[in-house]
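What you see below is based on every heavy atom in this structure, not just the backbone, and it leaves out hydrogens, waters and symmetry mates.
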Amino acid sequence: MRAQDSATAQTAKAVPVAPGTGRPATGRGSAARAGTLQAALGVTAFSLTFPATAWGLEGFGPWSLVAVRTVLAAVIAGGCLLALRVPLPGRRHWAGLAVVAAGVVLGFPMLTTLALQTSTTAHAAVVVGLLPLTTALFSALRVGTRPSRTFWVAAFAGAAVVIAFTVQQSGGALTSADAYLFGALLICAAGYTEGGRLARVMPGWQVIGWALALCLPLTVPVAAIALSYEPVRLTAHSVTGLLWVAAGSQFFGLVVWYRGMAAIGIPKASQLQLAQPLLTLVWSVLLLGEHLTPAAPLTAAAVLVCIAVTQRARG
């Protein structure tokens, strides 16, 4: 019996344990894989945002589209919060939720919607190509993360590839929409960083849920005013686009995105977004009839290499 107990103890000793958890370290690998999958689902949902917005603009004005999508998403989120009787966040979290609301709920949708009135989805994808790098920079400043040199080299390389490809797709010309896109880039990166930080202390769906609820006193009257001034033409495209940007992009996508960021870290999750412009261009071909150049497969391969490097680089 003593020999058997000794063998059992040695076996238990040989199993690595995750620091501070008391669980086998293999659980950390499973959590990381789950976090990567959730972040990838968020990227997929976000990649449909621009084509869905283009559809929505066929029947709604820009202010109406953004205000109504936010109200609908807030209704979904508020229903979940009420049904599960989620208590109000602590007072210390409200400032962070306000940053999420300003950046992700209001700022990015509004600025990109205004940009898409005069810009193609391919050109607008430039902002998404820069977003991973900007989010990593905001994370380094706000959260104190310090990724490795390899991480930064791969991140800059991936961003450069995506920018070159998307600018080439738009003919290399800069438009008046670039000011909107640049502003959207900065404000969304701040919202992503703050949301990723909050998702470490509360479930990701609650982060976006409370941020949406925080905007209701503003978005409800704005929606009413905008709908009274901007013409509305309900079509299959406009309704589908509105429903997707509300339920898919504004709620579901952000829920899984914040959960993924909390699991694998803000810098690594942000680099998965390097694939988002390419996915957006694919949807643009299938849904909007836009055309891609033969450079797309090569760019996709280069971006995937950069993503693989950033995911393996340790900060």
Side-chain angles (χ1 to χ4, degrees), residues 32-33 35-52 108 112 119-140 145 147-172 178 181-182 184-186 188-189 192-193 196 249 253 256-257 260-261 263-288 290-315:
R33 286 192 294 272
T36 301
L37 177 60
Q38 289 171 332
L41 284 174
V43 170
T44 302
F46 299 153
S47 71
L48 281 160
T49 300
F50 285 172
F108 187 79
T112 54
S119 172
T120 65
T121 56
H123 188 78
V126 172
V127 69
V128 180
L130 287 173
L131 191 54
L133 179 58
T134 311
T135 302
L137 290 172
F138 268 79
S139 174
T145 55
S148 66
R149 183 177 299 178
T150 302
F151 177 95
W152 286 117
V153 170
F156 276 105
V161 169
V162 170
I163 292 169
F165 177 65
T166 50
V167 169
Q168 186 271 335
Q169 284 289 297
S170 64
D178 290 324
L181 296 173
F182 183 72
L185 167 70
L186 296 178
C188 187
Y192 277 172
T193 300
S249 303
V256 294
W257 175 243
M261 280 200 295
I264 65 176
I266 297 172
K268 286 191 175 182
S270 69
Q271 296 314 302
L272 292 174
Q273 280 195 303
L274 287 169
Q276 186 175 324
L278 304 178
L279 289 173
T280 297
L281 292 171
V282 171
W283 299 128
S284 298
V285 170
L286 297 177
L287 301 177
L288 304 177
E290 295 185 5
H291 299 284
L292 297 181
T293 66
L298 295 177
T299 306
V303 168
L304 289 175
V305 169
C306 293
I307 291 175
V309 172
T310 58
Q311 292 302 295
R312 291 181 179 275
R314 294 182 178 180

**Q.** Heavy-atom closest contact (P51 atom, T121 atom, distance)
**A.** N-CG2, 4.3 Å

Q.
Assess the residue pair L272 and T36 against the criterion (side-chain contact (heavy atoms from CB on, under 4.5 Å)); give the C-alpha distance rounded to whole Å, side-chain angles, the decisive distance to 0.1 Å, and a yes or no.
A. CA-CA 8 Å; L272 292 174; T36 301; 4.2 Å; yes

Q. Which pair of non-hydrogen atoms, one from A32 and one from I264, has the smallest distance, and what is that distance?
A. O-CG2, 3.3 Å

Q. Do you know the tightest heavy-atom contact between S249 and A45?
A. OG-O, 3.7 Å

Q. Do the side chains of L278 and V303 get nearer than 4.5 Å, heavy atoms only?
A. yes

Q: Compute whether any side-chain donor of one residue and acceptor of the other, for S47 and T280, lie under 3.5 angstrom apart.
A: no

(Q) Once rounded to the nearest 0.5 Å, what's the spacing between atom CE of M261 and atom OG1 of T193? (A) 7.0 Å

(Q) Measuring from atom CG of L131 to atom CG of L185, what distance do you get when rounded to the nearest 0.5 angstrom? (A) 6.0 Å

(Q) Give me the atom names and distance for the closest heavy-atom approach of Q276 to V43. (A) CB-CG1, 3.8 Å

(Q) Suppose we call two aromatic rings close when their centres sit under 6.0 Å apart. Are F50 and W283 close by that rule? (A) no

Q. Which atoms form the tightest heavy-atom contact between A124 and S119, and what is the distance?
A. N-OG, 3.6 Å

Q) In terms of ring plane angle, is the pair F46 and W257 parallel, tilted or perpendicular, where the classes change at 30° and 60°? A) perpendicular

Q.
Is any side-chain heavy atom of L287 closer than 4.5 Å to one of L48?
A. yes

Q.
So which atom in F138 and which in L186 form the shortest heavy-atom distance, rounded to 0.1 Å?
A. CZ-O, 3.7 Å

Q | Audit row: Y192, C188, side-chain contact (heavy atoms from CB on, under 4.5 Å) steps and yes/no | A | CA-CA 6 Å; Y192 277 172; C188 187; 3.6 Å; yes

(Q) Test your reading of the model: is there a side-chain donor-acceptor pair from T112 to the backbone of F108, 3.5 Å cut-off? (A) yes

